[in-house]
Amino acid sequence: MNQHIGQIALLVDDYDEAIAFYTQKLSFDLLEDTRLSDTKRWVRVAPRNSTGFSLLLARADSDEQRSRVGNQTGGRVFLFLYTDDFQRDYEAMRTAGIVFTRGPVEEPYGTVGVFADLYGNLWDMIQPK
C-alpha cells in the first residue's frame, strides 16, 4: 500500500485575503483556484518548490466554522514549515510583516521559530540539523 497525506484544510475568512497572505508574505505558490459555486472555491497553496502536500484554503461558511478560524488547534502550533535556510527565510518573512511569537532558538532537532499567520494560527518554521 502506498498512501500519503495530500492536503489539509485551513479555515479562512476570505479566499482572496488568504491567497494574498500565503503568496505574497510567505511566498507560497498558488496551485489551484477553481470556482465551484457562487460562494465556494477550491483553493490550494504550497511552499515554493514543495512536492506532494498543499493547504486547501477553505472559507468558513457557518458560525461554528467561523469560530475556529485562526484557532483550529486550541492555541497549539498547527503547521510546520521546514526550510533549508532559517535565517534567510526568517529575515524575508519579518520584512514582509510576519510576526514571530517565539524564537528563533536552537533545539536538539534544529533552529525553530514560531510565527502567526494572518488569522493567528501558529506555525513552527524549522531548519533541521
Side-chain angles (χ1 to χ4, degrees):
M1 182 183 317
N2 182 8
Q3 297 179 334
H4 70 277
I5 295 174
Q7 60 199 9
I8 187 169
L10 179 66
L11 289 170
V12 301
D13 279 331
D14 179 84
Y15 291 117
D16 293 323
E17 77 178 357
I19 290 169
F21 176 83
Y22 284 98
T23 60
Q24 295 170 18
K25 300 219 181 238
L26 293 184
S27 298
F28 281 23
D29 288 330
L30 177 61
L31 304 176
E32 185 175 0
D33 184 358
T34 303
R35 184 165 300 281
L36 301 175
S37 71
D38 287 341
T39 60
K40 190 171 184 178
R41 291 157 58 183
W42 186 262
V43 178
R44 295 184 315 118
V45 296
R48 200 161 278 153
N49 300 318
S50 172
T51 59
F53 185 82
S54 63
L55 290 176
L56 175 68
L57 303 180
R59 190 179 57 79
D61 62 5
S62 71
D63 288 340
E64 182 177 5
Q65 289 178 12
R66 281 186 284 279
S67 76
R68 304 298 197 282
V69 172
N71 192 17
Q72 289 186 218
T73 59
R76 289 190 57 108
V77 168
F78 178 42
L79 297 163
F80 299 81
L81 179 64
Y82 282 72
T83 179
D84 63 348
D85 188 331
F86 185 94
Q87 197 61 40
R88 174 199 65 213
D89 293 342
Y90 177 73
E91 293 302 328
M93 290 167 68
R94 289 187 53 201
T95 299
I98 301 297
V99 175
F100 278 79
T101 60
R102 290 192 298 266
V105 296
E106 292 296 323
E107 296 289 353
Y109 53 85
T111 305
V112 63
V114 179
F115 68 92
D117 70 14
L118 77 161
Y119 298 116
N121 292 299
L122 296 178
W123 289 63
D124 269 3
M125 183 170 70
I126 301 168
Q127 179 180 346
K129 287 200 176 204

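Numbers for residues simply follow the sequence, beginning at 1. Every heavy atom of this structure was used, including side-chain atoms; hydrogens, water molecules and symmetry mates were not.
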Find out if a path of hydrophobic residues (ILVMFWY) with successive side-chain heavy-atom gaps under 4.5 Å connects [X] to [Y].
X: Ile98; Y: Val114; answer: no
X: Val112; Y: Tyr82; answer: yes
X: Leu26; Y: Phe80; answer: no
X: Val12; Y: Val99; answer: no
X: Phe100; Y: Val77; answer: no

For [X] and [Y], work out which heavy atoms get closest and say how close.
X: Met93; Y: Met125; value: SD-SD, 3.6 Å
X: Phe78; Y: Gln72; value: CZ-NE2, 3.6 Å
X: Leu122; Y: Gly75; value: CD1-O, 3.4 Å

Point to revise | Within 6.0 angstrom of Leu36 CG, more than 12 heavy atoms from elsewhere | key: yes

With rounding to the nearest 0.5 Å, note down the distance linking [atom1] in [X] to [atom2] in [Y].
X: Phe115; Y: Arg94; atom1: CZ; atom2: CZ; value: 13.5 Å
X: Lys25; Y: Leu118; atom1: NZ; atom2: CG; value: 9.5 Å
X: Leu56; Y: Arg44; atom1: CG; atom2: CZ; value: 8.5 Å
X: Phe86; Y: Glu91; atom1: CZ; atom2: CD; value: 9.5 Å
X: Asp14; Y: Leu57; atom1: CG; atom2: CG; value: 10.5 Å
X: Glu17; Y: Gln24; atom1: CD; atom2: CD; value: 12.0 Å

What I'd like to find out is whether the side chain of [X] reaches to under 4.5 Å of the side chain of [Y], using heavy atoms alone.
X: Leu55; Y: Phe28; value: yes
X: Phe21; Y: Val45; value: no
X: Tyr22; Y: Leu30; value: no

**Study point:** Lys129 and Glu107: CA distance, side-chain angles, deciding distance, side chain to side chain contact (heavy atoms under 4.5 Å, CB included) verdict
**Key:** CA-CA 9 Å; Lys129 287 200 176 204; Glu107 296 289 353; over 6 Å; no

Check for a donor-acceptor pair, side chain of [X] on one end and backbone N or O of [Y] on the other, with a separation under 3.5 Å.
X: Arg59; Y: Thr39; answer: yes
X: Tyr90; Y: Pro104; answer: no
X: Asp29; Y: Leu31; answer: no
X: Tyr119; Y: Asp13; answer: yes
X: Gln65; Y: Leu11; answer: no

Point to revise | Verdict with supporting geometry, Glu64 and Ser62, side chain to side chain donor-acceptor pair (under 3.5 Å) | key: CA-CA 5 Å; Glu64 182 177 5; Ser62 71; 5.4 Å; no

Point to revise | From CA spacing to verdict: side chain to side chain contact (heavy atoms under 4.5 Å, CB included), Thr73, Asn121 | key: CA-CA 8 Å; Thr73 59; Asn121 292 299; 5.8 Å; no

Point to revise | Candidate pair Thr83 and Arg88, rule side chain to side chain contact (heavy atoms under 4.5 Å, CB included), full reasoning | key: CA-CA 9 Å; Thr83 179; Arg88 174 199 65 213; 3.6 Å; yes

Check your understanding: Asp63: what forms a salt bridge (Lys or Arg N to Asp or Glu O under 4.0 Å) with it, not counting sequence neighbours?
Key -> Arg66

Point to revise | Ile8/Leu79 under side chain to side chain contact (heavy atoms under 4.5 Å, CB included): CA gap, chis, key distance, verdict | key: CA-CA 10 Å; Ile8 187 169; Leu79 297 163; 4.2 Å; yes

